[in-house]
Amino acid sequence: MGNRIRIAVIGAGASGMMSAITAASNGGEVTLYEKNDRVGKKLLATGNGKCNLSNLNFSVDQYYCSDRDKLQEIFQTFSVENLISFFQKCGLMIKSKNGYLYPYAEQASAVLDVLRMELVEKGVKLLTDKEVSNITFQRDRQLFQIKEPDGKCSFYDKVILACGSPASQKKGAGRTGYKLAEGFGHQIKPIMPGLVQLISDDVFCKSLAGVRTQVGIRLLADGEELATECGELQFTDYGISGIPVFQISRIAGYALRERKDIEVLVDFFPERDKNDFDELVKTRFTENQMRTLEEFLTGTLNKKINMVLIKQCGCMASMTAKEAGFNKVNEMMQKCRAFPIHISGINSMECAQICAGGVVFEEVDTNLESKLIPGLYLTGEMVDVDGKCGGYNLQWAWTSGYVAGRSAAMDS
């Protein structure tokens, strides 16, 4: 027993629990520290409480990071298939919804329950209500010293930082892990809310609040297209929301940080090609030119959107299409294909699903071990790797936790 590698895992979220279970399964003597009174608190809220575990349509292209080849190598160590096998061995039944993987019970609590059972069965020592903010590395002894709030000191051969991020937490919380990493000399890429709503200073947003519609969107920074997405857009009184917005929010956030002018162009008819749409406009004008503009647009988009379109083209809803003229009507209709929304900010970290940024990816190897401090590992949102909606961020948590846990338990 005295020869077992002593491993401390800091943070009992998805990646932390996976690290602890894997390290213990590989012979490590594991202590899991958690600042809250219970483990997996954030996990319970994922997937609207249903826990989107991963995605069968996996690709590293769904991730933002500085080295996708390196990321691919990490995922080859613990893939989606490995994850399914892991949970099935834990007793969790899994179902697929168009490739999106969920627990069969569609309850995040079911995932947490099997993980808790694994922690107990693997002999992991769990310490809750223990926020770790002081870790030092004694190079001469190759040991880590953890000083707990009550002054007690414990020593470990390896440390895994799985502290998570400030995303979805109270203002000011969730940054301890980055501070610990900085204390070890790691460079932190500025953290940014990810998978979050975008804020607009356009006055029409309030009048469109609550409107949902299927669209295609393009993100522009200083006129340069940075990203495209499609899906259901939701207008809010402060801007725009919905999955396509979440997918581009990281890019928008960093561009805003660079003080670039950000605009989202919305295509309300993404399924129609240009020629088909142009013919539709001509036919509609010919057949409906005696109708008012409000009547002319009736049956197309949501009425609230139609009224904004009319106003933006400098017309009155009571004017007939003929009075406005074809050019003005065509201008109004073409705006439906590239409706501009100026982006003035991104929503707060408390509203974000995940956090972008963190320890720069180049400073860890393919085992998630620090290149600066031997025996130090970083997982999940601690590292500057984040994915799009659809279970990709949880897959990164599981994979990084497994890889770090297995490597830490190996004597080196």
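- Using a 4.0 Å cut-off between a side-chain N of Lys or Arg and a carboxylate O of Asp or Glu, Arg337 and Asp267 qualify as a salt bridge.
- Taken to the nearest 0.5 Å, the CG atom of Leu208 stands 8.0 Å off from the CG atom of Asn302.
- More than 12 non-hydrogen atoms from other residues, nucleotides or ligands lie less than 6.0 angstrom from NZ of Lys371.
- Scanning for side chain to side chain contact (heavy atoms under 4.5 Å, CB included) contacts around Asp129 gives Asp37, with sequence neighbours left out.
- Under the 3.5 Å distance criterion, with hydrogens and angles disregarded, a donor-acceptor pair is assigned to the side chains of Thr379 and Ser15.
- For Asp278 and Gln334, the side-chain atoms include at least one donor-acceptor pair closer than 3.5 Å.
- No side-chain donor-acceptor contact under 3.5 Å links Ser168 and Gln353.
- Within the 3.5 Å criterion, the main-chain N or O of Glu369 finds a donor-acceptor partner in the side chain of Asp365.
- For Tyr64, the ring-ring contact (aromatic ring centres under 6.0 Å, His included) test picks out no residue, with sequence neighbours left out.
- Counting non-hydrogen atoms of other residues, nucleotides and ligands closer than 6.0 Å to CZ of Arg116 gives a total of 12 or fewer.
- Under the 3.5 Å distance criterion, the side-chain polar atoms of Ser207 are matched with a main-chain donor or acceptor of Phe204.
- Here the closest heavy-atom approach between residue Leu378 and residue Val364 is recorded as CD1-CG1, 3.5 Å.
- The 12-atom threshold is not exceeded at CE of Met316, counting heavy atoms of other residues, nucleotides or ligands nearer than 6.0 Å.
- One finds no salt bridge joining Lys171 and Glu350 here, because no Lys/Arg side-chain nitrogen approaches an Asp/Glu carboxylate oxygen to under 4.0 Å.
- With sequence neighbours excluded, the residues satisfying ring-ring contact (aromatic ring centres under 6.0 Å, His included) with Phe269 are Phe277.
- Nearest approach of Gly357 to Asp386, heavy atoms of both residues: N-OD1, 4.4 Å.
- The residues Glu225 and Arg218 are annotated as salt-bridged, a charged nitrogen and a carboxylate oxygen being separated by less than 4.0 angstrom.
- For Leu297 against Asn306, the heavy-atom pair with the smallest separation is O-ND2, 3.1 Å.
- More than 12 heavy atoms of other residues, nucleotides or ligands shown are found within 6.0 angstrom of NZ on Lys335.
- Judged purely by atom type and a 3.5 angstrom limit, Asp273 uses its side chain to pair as donor or acceptor with the backbone of Asp276.
- A donor-acceptor pair under 3.5 Å is absent between the side-chain atoms of Arg250 and the main chain of Pro193, judged by distance alone.
- Taking the centre and axis of the six-membered ring of Phe78, the NZ or CZ atom of Arg406 falls outside the cone set by 45° and 6.0 Å.
- Not counting sequence neighbours, the partners of Asp150 by the side chain to side chain contact (heavy atoms under 4.5 Å, CB included) test are Lys130, Glu148, Lys152.
- Ile354 contributes atom CD1, which lies 4.5 Å from atom CG of Leu195 (distance to the nearest 0.5 angstrom).
- Inter-residue side-chain proximity for Tyr33 and Val9 is flagged as unmet; no heavy-atom pair is nearer than 4.5 Å.
- Between the side chain of Asn52 and the backbone N or O of Gly391, at least one donor-acceptor pair lies under 3.5 Å.
- Judged by distance alone, the side chains of His342 and Glu263 never bring a donor and an acceptor atom under 3.5 Å apart.
- Judged purely by atom type and a 3.5 angstrom limit, Asn367 has no side-chain atom pairing as donor or acceptor with the backbone of Ser407.
- With rounding to the nearest 0.5 angstrom, the CG atom of Leu368 is 10.5 Å from the CG atom of Leu376.
- In this structure, Glu182 does not pair ionically with Lys179, as no charged nitrogen and carboxylate oxygen lie closer than 4.0 Å.
- Remark: Asp61 CG is packed, more than 12 non-hydrogen atoms of other residues, nucleotides or ligands lying under 6.0 Å away.
- For the 3.5 Å distance criterion, the side chains of Ser370 and Glu363 fail to qualify, holding no donor opposite an acceptor.
- More than 12 heavy atoms of other residues, nucleotides or ligands shown are found within 6.0 angstrom of CD1 on Ile94.
- Checked against side chain to side chain contact (heavy atoms under 4.5 Å, CB included), Leu115 has the following partners two or more places apart in sequence or in another chain: Met17, Ile21, Leu43, Phe86, Phe87, Val111, Trp398.
- Under the 6.0 Å cut-off for aromatic ring centres, Tyr402 and Phe75 do not qualify, their centroids lying 6.0 Å or more apart.
- Cation-pi geometry between Lys388 and Tyr63 is not satisfied (NZ or CZ under 6.0 Å from the ring centre, within 45° of the ring normal).
- Inspection of the Asn36 and Glu34 side chains reveals an N or O donor paired with an N or O acceptor under 3.5 Å.
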Next item on the list: Evaluate the ring pair (Phe, Tyr, Trp, His ring centres under 6.0 Å) criterion for residues Phe339 and Phe268: first the C-alpha distance (whole Å), next the side-chain angles of each, then the deciding distance (0.1 Å), finally the verdict.
Entry: CA-CA 8 Å; Phe339 182 79; Phe268 290 113; 5.6 Å; yes
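- Side-chain contact annotation: Ser165 with Glu381, donor-acceptor N/O pair under 3.5 Å present.
- A salt bridge links Glu294 to Lys303: one of the charged nitrogens lies within less than 4.0 Å of a carboxylate oxygen.
- Side-chain contact annotation: Ser79 with Asn82, donor-acceptor N/O pair under 3.5 Å present.
- Within 6.0 Å of atom NZ in Lys95, more than 12 heavy atoms from other residues, nucleotides or ligands are found, so the atom counts as buried in its surroundings.
- Between the side chain of Asp261 and the backbone N or O of Asp222, no donor-acceptor pair lies under 3.5 Å.
- Between Phe144 and Tyr156, the ring center distance fails the sub-6.0 Å criterion.
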Show every donor-acceptor pair shorter than 3.5 Å between a side-chain atom in residues 96-103 and any protein atom, with sequence neighbours excluded, or say none if there are none.
unit_1, atom_1, unit_2, atom_2, d
Ser96, OG, Gly99, N, 3.1
Lys97, NZ, Glu106, OE1, 3.1
Lys97, NZ, Glu106, OE2, 3.0

